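FYI, side chains are in, hydrogens and waters are out, and symmetry mates aren't considered; it's all heavy atoms of this structure. No experiment lies behind these values; they were computed from the predicted model shown.
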Amino acid sequence: MAQACVRRGLVAARRLEPAARPVATATVSLWGRSLTSVTHCTTQSLSPPAFVRYCTSTLSDDRQREFHRYADETLESLTEVFEALPEDSGFTVADGYDVHCASGVLTLDLDSAHTYVLNKQGPNRQIWLSSPYSGPKRFNLFRNNRWLSDKRESMFDLLTAEVSSYYDTNINITERCNRLGRTDWK
């Protein structure tokens with residue numbers, strides 16, 4: 001008998017019986033896709049580490065590409081929004097206002113003392129945010145184009161609230177990103 005284990009997107013088959021019996025089929029659904037593990041293999045023909053590598057690459061490749069595409073679109077959209085913010089909003093920004101994005105890291109300096117850093121974390125499939133107000137946060141991409149923290153806090157809502165509070169005016173980051181037309185962010 002085999003036991004299928006799912007942990008952080010990895011699928012593994014553990015042998016609980018002698019090596020002569022075949023490994024059972026395990027099906028895992030991840031992000032709306034199903035993956036059926038290798039059937040009729042024994043521990044002699046395919047060792048558990050090889051099985052884990054096989055399933056990991058099958059699961060990860062599509063998810064990694066999807067994550068990188070959405071993370072890059074998010075950082076590009078936010079960069080454009082923050083670069084255009086002084087002209088579009090009609091208010092004066094403080095000395096030291098700067099936006100810089102390179103190699104998956106977006107840095108937003110509101111002034112010399114208030115800096116946001118958004119960092120794409122490929123291995124974890126997360127965007128990490130360092131905020132001068134709320135501190136560090138980690139956001140995962142969910143199916144409906146939402147970057148949510150483990151407390152179900154939206155990254156766009158958090159940025160909207162904090163940047164609006166800093167400038168004492170309503171600045172809807174989500175709406176501005178959606179106007180760019182890349183992705184319908186929520």
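Contact between His100 and Ala102 at its shortest, heavy atoms only, is NE2-CB, 3.7 Å. Taking all atoms of both residues into account, the shortest heavy-atom contact from Gln121 to Phe67 is O-CZ, 3.7 Å. Closest non-hydrogen pair, His68 versus Gly122, comes out as CE1-CA, 4.0 Å. In terms of heavy atoms, Phe142 sits closest to Arg152 at CZ-NH1, 2.9 Å. Here the closest heavy-atom approach between residue Glu87 and residue Glu83 is recorded as OE1-O, 3.3 Å.
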Show your reasoning for whether side-chain contact (heavy atoms from CB on, under 4.5 Å) applies to Met155 and Ile173.
CA-CA 10 Å; Met155 181 176 68; Ile173 304 297; over 6 Å; no
When you look at Lys137 and Trp147, which way does the side-chain contact (heavy atoms from CB on, under 4.5 Å) test go after all the steps?
CA-CA 11 Å; Lys137 303 272 185 191; Trp147 290 100; over 6 Å; no
Does the pair Glu80 and Arg176 meet the rule for a side-chain contact (heavy atoms from CB on, under 4.5 Å), with working shown?
CA-CA 9 Å; Glu80 288 182 35; Arg176 290 169 184 268; over 6 Å; no
Please assess Glu76 against Cys101 for the test side-chain contact (heavy atoms from CB on, under 4.5 Å), listing each intermediate value before the final yes or no.
CA-CA 8 Å; Glu76 289 171 13; Cys101 186; 6.0 Å; no
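By the side chain to side chain contact (heavy atoms under 4.5 Å, CB included) test, Ser112 pairs with no residue at all, sequence neighbours left out. By the side chain to side chain contact (heavy atoms under 4.5 Å, CB included) test, Ser149 pairs with Phe139, Lys151, Glu153, sequence neighbours left out. When the side chain to side chain donor-acceptor pair (under 3.5 Å) test is applied to Glu175, the partners found at least two apart in sequence or on another chain are Arg179.
Here CG of Leu78 is found 9.5 Å from CG of Leu129. Values are rounded to the nearest 0.5 Å. In this structure, OG on Ser130 lies 10.0 Å from CG on Asn119, to the nearest 0.5 angstrom. Within the model, atoms OG of Ser131 and CG of Leu158 stand 6.0 Å from one another, a figure rounded to the nearest 0.5 Å. To the nearest 0.5 angstrom, Leu159 atom CG is 6.0 Å from Leu118 atom CG.
Two residues are said to be in side-chain contact when any heavy atoms from C-beta on lie closer than 4.5 Å; Leu106 and Tyr116 fail this criterion. In this structure, the side chains of Thr107 and Asp98 stay at 4.5 Å or more apart for every pair of heavy atoms. At least one side-chain heavy atom of His114 sits less than 4.5 Å from a side-chain heavy atom of Tyr133.
Under the 4.5 Å side-chain heavy-atom criterion for Ile, Leu, Val, Met, Phe, Trp and Tyr, Val99 and Trp128 are members of distinct hydrophobic clusters.
Counting side-chain heavy-atom gaps under 4.5 Å among Ile, Leu, Val, Met, Phe, Trp and Tyr, the cluster of Val117 also holds Val105.
Residue pairs meeting the salt bridge (Lys or Arg N to Asp or Glu O under 4.0 Å) criterion with at least one member in residues 165-174: none, sequence neighbours excluded. Applying the salt bridge (Lys or Arg N to Asp or Glu O under 4.0 Å) test to pairs two or more places apart or on separate chains, none has a residue in residues 109-118.
Of the possible polar contacts, one joining the Ser164 side chain to the Ile171 backbone as a donor-acceptor pair under 3.5 Å is found. Between the side chain of Thr74 and the backbone N or O of Tyr70 there is at least one donor-acceptor pair closer than 3.5 Å.
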